[in-house]
Amino acid sequence: MTKSIDSHLKWLGLLFLTGITAGLVASVLTILIHLIQAISFGYNEGSFSLQIAHVSPIRRFFPVILSGLVAAFGWYSLQKYGKPFKSISAIVKKQETVHPLSNFIHGMLQLITVSMGSPLGR
C-alpha cells in the first residue's frame, strides 16, 4: 500500500515540476519574442499591433527581408549539417530516436523569423 502512495506522490511531484518548467520556458520564450520584435521594429512599449502601425514602411521592410535570409541560411544549414527530422508516427511506431538539438534549432528559427515579421512559421 505504501508503495502505491509513494509512486503517486512521485508522479504528482514530477507533474508539478513539469508544469513549473514549462511555465518558465514559456516565459523566457515570450520575453525573447518581445525582444526580437523591439529590436526589429524599434518600439519600446505598448502592444505590438499598436506600435507597429507607427513604424515606417522601410523599417517594416528590412526585418522581413532579414528574416527571409535568416530562414534560408538557417534551414539550409540545418538540412545540411543537422540530423534528419522524424515524423511523430515514425518516432512512436518505429521507436526511432529524436534529435533534440536539431529540433531545438528548428523551433528557434521559427520563433526568430516569425518575431521579425515573416509568415514562415512552418
Side-chain angles (χ1 to χ4, degrees):
M1 187 77 144
T2 60
K3 186 176 183 180
S4 175
I5 292 172
D6 288 343
S7 67
H8 287 325
L9 286 175
K10 181 180 177 182
W11 182 84
L12 187 62
L14 291 173
L15 181 66
F16 180 75
L17 287 174
T18 301
I20 295 294
T21 304
L24 290 173
V25 169
S27 296
V28 168
L29 292 177
T30 301
I31 291 168
L32 182 61
I33 287 171
H34 290 290
L35 177 68
I36 292 170
Q37 288 174 341
I39 291 169
S40 296
F41 300 105
Y43 71 93
N44 294 328
E45 57 188 44
S47 70
F48 178 70
S49 59
L50 292 176
Q51 292 295 322
I52 198 70
H54 300 293
V55 175
S56 68
I58 196 75
R59 183 72 192 235
R60 283 183 265 164
F61 174 76
F62 284 117
V64 174
I65 296 299
L66 185 60
S67 73
L69 292 172
V70 168
F73 288 115
W75 276 306
Y76 172 78
S77 299
L78 190 59
Q79 188 70 28
K80 185 173 182 178
Y81 302 112
K83 303 284 185 184
F85 291 108
K86 308 289 185 190
S87 68
I88 298 294
S89 61
I91 293 168
V92 172
K93 291 179 183 174
K94 299 177 185 174
Q95 304 269 326
E96 294 190 18
T97 59
V98 178
H99 306 289
L101 184 60
S102 292
N103 287 336
F104 175 77
I105 292 170
H106 179 71
M108 290 307 293
L109 281 169
Q110 288 187 42
L111 184 136
I112 291 166
T113 57
V114 170
S115 297
M116 293 175 79
S118 171
L120 291 177
R122 303 179 341 159

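Side-chain atoms are counted along with the backbone in the values below, which use heavy atoms only and exclude waters and symmetry mates.
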Other hydrophobic cluster members with V28, side-chain heavy atoms of Ile/Leu/Val/Met/Phe/Trp/Tyr under 4.5 Å, chained? none
Calculate, to the nearest 0.5 Å, the distance between atoms CD1 and OH belonging to I105 and Y81 respectively. 13.0 Å
Residue list, side-chain contact (heavy atoms from CB on, under 4.5 Å) with I58, at least two apart or on another chain: S56, F61, F62
Same cluster for F104 and V25 if Ile/Leu/Val/Met/Phe/Trp/Tyr side chains link at under 4.5 Å? yes
Closest non-hydrogen contact found for A71 with T113 is CB-CG2, 3.7 Å
CG-CZ distance between L78 and F73, expressed to the nearest 0.5 angstrom: 15.0 Å
In one Ile/Leu/Val/Met/Phe/Trp/Tyr side-chain cluster, 4.5 Å: I65, V55: no
Please check: side-chain N/O of S102 versus main-chain N/O of K83, any donor-acceptor pairing under 3.5 Å? yes
Quick note, salt bridge (charged side-chain N to carboxylate O under 4.0 Å, His left out) partners involving residues 52-61, not counting sequence neighbours, are none
Check side chain to side chain donor-acceptor pair (under 3.5 Å) between Q79 and all other residues, then give those that pass, not counting sequence neighbours. none
Only pairs at least two apart or in different chains count here, so list each ring pair (Phe, Tyr, Trp, His ring centres under 6.0 Å) that has a residue in residues 3-42. F41-F48
Linking Ile, Leu, Val, Met, Phe, Trp and Tyr by side-chain heavy atoms under 4.5 Å, what else ends up with Y76? none
Can you name the side-chain contact (heavy atoms from CB on, under 4.5 Å) partners of I33, sequence neighbours left out? Q37, L111, S115
N/O donor-acceptor pairs under 3.5 Å from side chains in residues 87-94, not counting sequence neighbours:
residue, atom, partner, partner atom, Å
S87, OG, S89, OG, 3.2
S87, OG, A90, N, 3.2

Would you compute the distance between atom NZ of K10 and atom CG of L14 and round it to the nearest 0.5 angstrom? 6.5 Å
Applying salt bridge (charged side-chain N to carboxylate O under 4.0 Å, His left out), which residue pairs with at least one partner in residues 103-114 are found, sequence neighbours left out? none
Rounded to the nearest 0.5 Å, the CD1 atom of I36 sits from the CD1 atom of I31 at a distance of 12.0 Å
L35: which other cluster members, linking ILVMFWY side chains closer than 4.5 Å, directly or transitively? I39
Remaining members of the apolar cluster that contains V64, side-chain heavy atoms under 4.5 Å: none
ILVMFWY network linking L12 to I20, side-chain heavy atoms under 4.5 angstrom: no
Could you walk me through whether M108 and L32 pass the side-chain contact (heavy atoms from CB on, under 4.5 Å) test, one step at a time? CA-CA 10 Å; M108 290 307 293; L32 182 61; 3.3 Å; yes
